[in-house]
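A quick write-up on the structure given underneath.
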Amino acid sequence: MSQYADARRHLEQKLHQLTNRVANIEEDLRIKPSADSEDRATELENDEVLQQLGQGSLAEVTQIREALARLDAGTYGTCSTCGGTIGTARLAAMPGATTCLNCAL
Ligand SMILES: [Zn+2]
């Protein structure tokens, strides 16, 4: 049960960081564009960057939530393709990995 305690702690920390980041991004995106056209162009560029960042973070949040769900279900660390064990090195590098290295290749 405690085999993946470190992984869970990492995932929960990361999830916390990401949800904070996404919340901040959403906050920034809500700020109204200014009337000045030059400022506005810069703000639109920033918004695009923020939106991309936000989408990347959201995808990561989904991945982490799924990994935590697998931890709860006791299927964490099991390859979803071959049913084998996912190596701990791989999980350390990619805590959200759902397949073993062989199946990922
Ligand atoms: Zn596999």
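When a residue number appears, it is its place in the shown sequence, counting from 1. As the structure lists them, so they are numbered: ligands from 1, and atoms in each ligand from 1.
- Here the CD atom belonging to Glu26 is positioned 10.5 Å from the CD atom belonging to Gln51, to the nearest 0.5 angstrom.
- Partners of Gln13 by side chain to side chain contact (heavy atoms under 4.5 Å, CB included), not counting sequence neighbours, listed by chain and number: Arg9, His10.
- Among protein atoms, those of element N, O or S found less than 2.8 Å away from the Zn ion (ligand 1) are Cys79 SG, Cys82 SG, Cys100 SG, Cys103 SG.
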Under 3.5 Å, side-chain donor or acceptor atoms of residues 77-97 against the rest of the protein: list the pairs with distances, not counting sequence neighbours.
| from | atom 1 | to | atom 2 | distance (Å) |
| --- | --- | --- | --- | --- |
| Ser80 | OG | Thr98 | O | 3.2 |
| Arg90 | NE | Thr99 | O | 2.8 |
| Arg90 | NH2 | Thr99 | O | 3.2 |

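- Nearest heavy-atom pair, Leu11 versus Ile64, reported as atom, atom and distance to 0.1 Å: O-CG2, 3.4 Å.
- When the side chain to side chain donor-acceptor pair (under 3.5 Å) test is applied to Arg21, the partners found at least two apart in sequence or on another chain are Ser57.
- Distance check: Gln52 CD to Ile25 CD1 gives 11.0 Å after rounding to the nearest 0.5 Å.
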